[in-house]
There are 2 protein chains.
Amino acid sequence: MDKFKQFIKNIVPISDKEFFDSLAYFREIHLQKGEYFVHQDKVCKQIAFIAHGTLRSFYLNHKGEETTSCFCSERNFSTSFRSFILQQVSDISIQAIEDTTLFVIDYDSLQKLYATSPTWQNIGRKVAEKEYIVMEKYASVLNNETAKEKYMRLINEQPSVIHKATVEDIASYLGVTRRTLSRIRQEISK
Amino acid sequence: MDKFKQFIKNIVPISDKEFFDSLAYFREIHLQKGEYFVHQDKVCKQIAFIAHGTLRSFYLNHKGEETTSCFCSERNFSTSFRSFILQQVSDISIQAIEDTTLFVIDYDSLQKLYATSPTWQNIGRKVAEKEYIVMEKYASVLNNETAKEKYMRLINEQPSVIHKATVEDIASYLGVTRRTLSRIRQEISK
DNA sequence: ACGAGTAAAGGACATTTGTCCTTATCTGAT
DNA sequence: ATCAGATAAGGACAAATGTCCTTTACTCGT
C-alpha cells in the first residue's frame, strides 16, 4: 500500500487524506501463479496497480498461438487498456506468472473519481501518457531491433523475467520461434 | 476549422463559445510537401491537429537508415508524443509528404488550458487514451503480421498513402527492405 | 526414489529475407 | 523534346529464420 501511495505521489501532489479517501475505491487482491486477471473475449472492468509480482499479457494470434505482448512488474498499472477504456471485449488475457498482489479499481468507480476529482483526472491523463510512451518505445524496439538485441534489452531491463517466464513466452515476446531464441542463447553463452 | 470543431465535439460535449475561446490558443499553419513539423534531436514544443494532408513520422536507426513509424492523415493529432509530453529532445522527425494544413498549440498554452479547463483536461486524457490504443494496435500488428499482411492492411486502412509515400518509406514502415516490398507487390499483382 | 509428462536444446533441411547489382521507368529543368 | 538524376523492379547469391524432429534435462505426483 505504501508502494502505491508513493507511486501516486510521484505522479501528482496529493495529500495523505485525499489518497486514503480515494483508496476506499480500490481493493487488494492476490493472484497465484497461473491465475488470470483478465480474460480474452470478456470486457475488462478493472485496472490494477501491481504492488508485488509479475503479470504476462498475451493473445492468441490467427494461427492460435499465444503471443506475449508484455511482461509487467511491480509499480506499474496493468489492464487490457483498450478493453478497459472502451469497455469492449478484450483481445488479450493477463495472467500472473508468479504470486502477485494487486490494488484494483472498477471502471465505474474510476469514472466517479474522474468526475469528482481534478486530481484523479490529472492522474488518469498522466498514466495514459506514460503508458503511451511505454507502448511507443515497445513499438520502436519491435521495428528496429533484431531478436538478439531485444533479448539483450530484456536481460537488462527486466532480468527477473528471464527466469520467471518460459522459453515459449519469451520467444513470442521477441517475435521469433523457440528455435531462434535457442540460437540466440547459444551465441550469447560464448 | 470546422473539421477541428467537429473532432473535438466527438470527444467531449463543448459549447461553441468554449471551443472558440480555446481556439485563441491555437494557430493555423501550412506545410509544403517535404517541410518539417518536428525535428529529431530538438524538443517538440507543439502538438498539431491535421486538418488536411499527410505527415510521416520517422527516425534514424543505429545504421543511420530512416525508419518510418507512422503515416498520419487528417482528423488526427500529431506530435512527437514522448518529446512533447516529457519536453525532452525528440527521437523522431515529422515531415509533410504532401501539402498540409495544421492547427497547432504550444506546450505552455496547453498546460494553461489543462490548468483552467476541466473540459480540456478531459480531452487531454481521452486523446492520450486514444493514441495509446492506436499505438497498441500498431505494436500488435508489428508483432503478429507478416510484411505482406501489413501491406494489405495499409492498402485497406490508408489507401492514399500507397501513392503519396515512396517505396523506401513504405518498406521501412513495414519493417522490411525495398527488395522484399517489391516481392510482395509482385505476388499481389498476380 | 521413480517414472510420466513437460520444457529446453540443438541437428538437418526448407523457406524467407537481405545484400548487391543491373535494368527499366519516371520526373523535372533546360 | 531531351537528358540527368532519382525512383522502382527484379536477378543471383548469401544469411537468417522457420519447420520438424530427436535428444536431454527438469518437475511433480505417487
Side-chain angles (χ1 to χ4, degrees), chain A residues 32-35 54 56 58 60-68 71 95-99 141-155 158-190, chain B residues 32-35 54 56 58 60-68 71 95-99 141-155 158-190:
Chain A
Q32 291 192 306
K33 180 174 177 176
E35 274 191 279
T54 308
R56 175 177 79 98
F58 66 96
L60 299 179
N61 67 16
H62 46 69
K63 292 181 205 152
E65 303 154 342
E66 285 189 4
T67 305
T68 298
F71 295 108
Q95 186 187 30
I97 60 170
E98 63 179 332
D99 294 359
V141 164
L142 281 180
N143 220 0
N144 249 292
E145 297 191 352
T146 64
K148 186 178 176 183
E149 288 166 336
K150 284 186 255 179
Y151 186 67
M152 299 304 286
R153 175 185 296 279
L154 188 62
I155 288 175
Q158 300 186 276
S160 69
V161 166
I162 304 292
H163 304 107
K164 290 172 183 168
T166 65
V167 166
E168 182 98 43
D169 292 348
I170 295 172
S172 78
Y173 178 71
L174 301 176
V176 296
T177 59
R178 271 176 300 172
R179 186 68 191 83
T180 299
L181 178 52
S182 167
R183 279 193 267 246
I184 289 168
R185 288 184 146 162
Q186 198 173 25
E187 270 188 74
I188 289 173
S189 69
K190 284 178 205 163
Chain B
Q32 291 191 306
K33 181 176 176 176
E35 274 192 281
T54 307
R56 176 177 78 97
F58 65 95
L60 299 179
N61 68 15
H62 45 68
K63 292 181 204 152
E65 303 154 342
E66 284 189 5
T67 304
T68 298
F71 295 107
Q95 186 186 31
I97 61 170
E98 64 179 332
D99 294 359
V141 164
L142 281 180
N143 221 2
N144 251 291
E145 297 190 352
T146 64
K148 186 177 176 183
E149 288 165 338
K150 284 185 256 180
Y151 186 67
M152 299 305 285
R153 175 183 295 280
L154 188 63
I155 289 175
Q158 300 185 274
S160 68
V161 166
I162 304 292
H163 304 107
K164 289 171 183 169
T166 64
V167 166
E168 180 98 41
D169 293 346
I170 295 172
S172 78
Y173 178 71
L174 300 177
V176 296
T177 58
R178 270 175 302 173
R179 187 67 190 83
T180 299
L181 178 51
S182 167
R183 280 192 267 246
I184 289 168
R185 288 184 146 162
Q186 197 172 25
E187 270 188 73
I188 288 172
S189 68
K190 283 180 209 163

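A, B, ... follow the sequence lines: proteins, then strands. Residue 1 opens every chain.
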What residues form a side chain to side chain donor-acceptor pair (under 3.5 Å) with A:R185, not counting sequence neighbours? A:Y151
Judged by each residue's nearest nucleotide on DNA chain D, which is more toward the 5′ side, A:L181 or B:E168? B:E168
Under 4.0 angstrom, heavy atoms only, what part of the nucleic acid is A:T180 near: base, sugar-phosphate, or nothing? sugar-phosphate
Round to a whole Å and report the spacing from CD of B:E187 to C1' of C:dT16. 10 Å
Closest heavy-atom pair, B:L181 versus B:A171, reported as atoms and distance to 0.1 Å, is CD2-N, 3.7 Å
Rounded to whole Å, how long is the line connecting atom OH of A:Y151 with atom C1' of D:dA16? 19 Å
Under a 3.5 Å distance rule, please check whether B:E187 uses its side chain to pair with a backbone N or O of B:I184 as donor and acceptor. no
Starting at atom NE2 of B:H163, determine the distance to atom C1' of D:dT7, rounded to an integer number of angstrom. 15 Å
Donor-acceptor pair present, B:R183 side chain and C:dG18 base, under 3.5 Å: yes
Under a 4.0 Å threshold between the charged nitrogen and the carboxylate oxygen, would B:E66 count as salt-bridged to B:R56? yes
Could you state the atom-to-atom distance from CZ of A:R178 to C1' of C:dA7 in whole Å? 8 Å
Under a plain distance cut-off of 3.5 Å, with no hydrogens placed, do A:S172 and A:T67 share a side-chain donor-acceptor pair? no
Whole-Å distance, B:K33 NZ to D:dA6 P, equals 15 Å
Identified side chain to side chain contact (heavy atoms under 4.5 Å, CB included) counterpart of B:T68 within the set B:D169, B:I97, B:L174: B:D169
So, does A:E35 use its side chain to make a donor-acceptor pair with the main chain of A:Q95 at under 3.5 Å? no
Measure from CZ on B:R179 to C1' on C:dT16 and round the result to the nearest Å. 12 Å
Tell me whether B:D99 contacts the main-chain N or O of B:K33 through its side chain, where contact means a donor paired with an acceptor under 3.5 Å. yes
Helix axis bend for the helix from C:dA1-D:dT30 to C:dT30-D:dA1 - C1'-based end axes, five pairs, 10° rounding: 40°
Between P on D:dT17 and CD on A:E149, what's the gap in Å once rounded to a whole number? 11 Å
How would you label the contact of B:T166 with the nucleic acid (heavy atoms, under 4.0 Å): base, sugar-phosphate, or nothing? sugar-phosphate
Kindly state which residues belonging to residues 169-177 of chain B come within less than 4.0 angstrom of DNA chain C, counting heavy atoms of the residue only, listed by number. B:V176, B:T177
Can you tell me how far P of D:dA16 sits from CD of A:Q186, to the nearest Å? 14 Å
In plain terms, say whether B:E98 and B:K164 are close enough for a salt bridge, that is, a side-chain N and a carboxylate O under 4.0 Å apart. yes
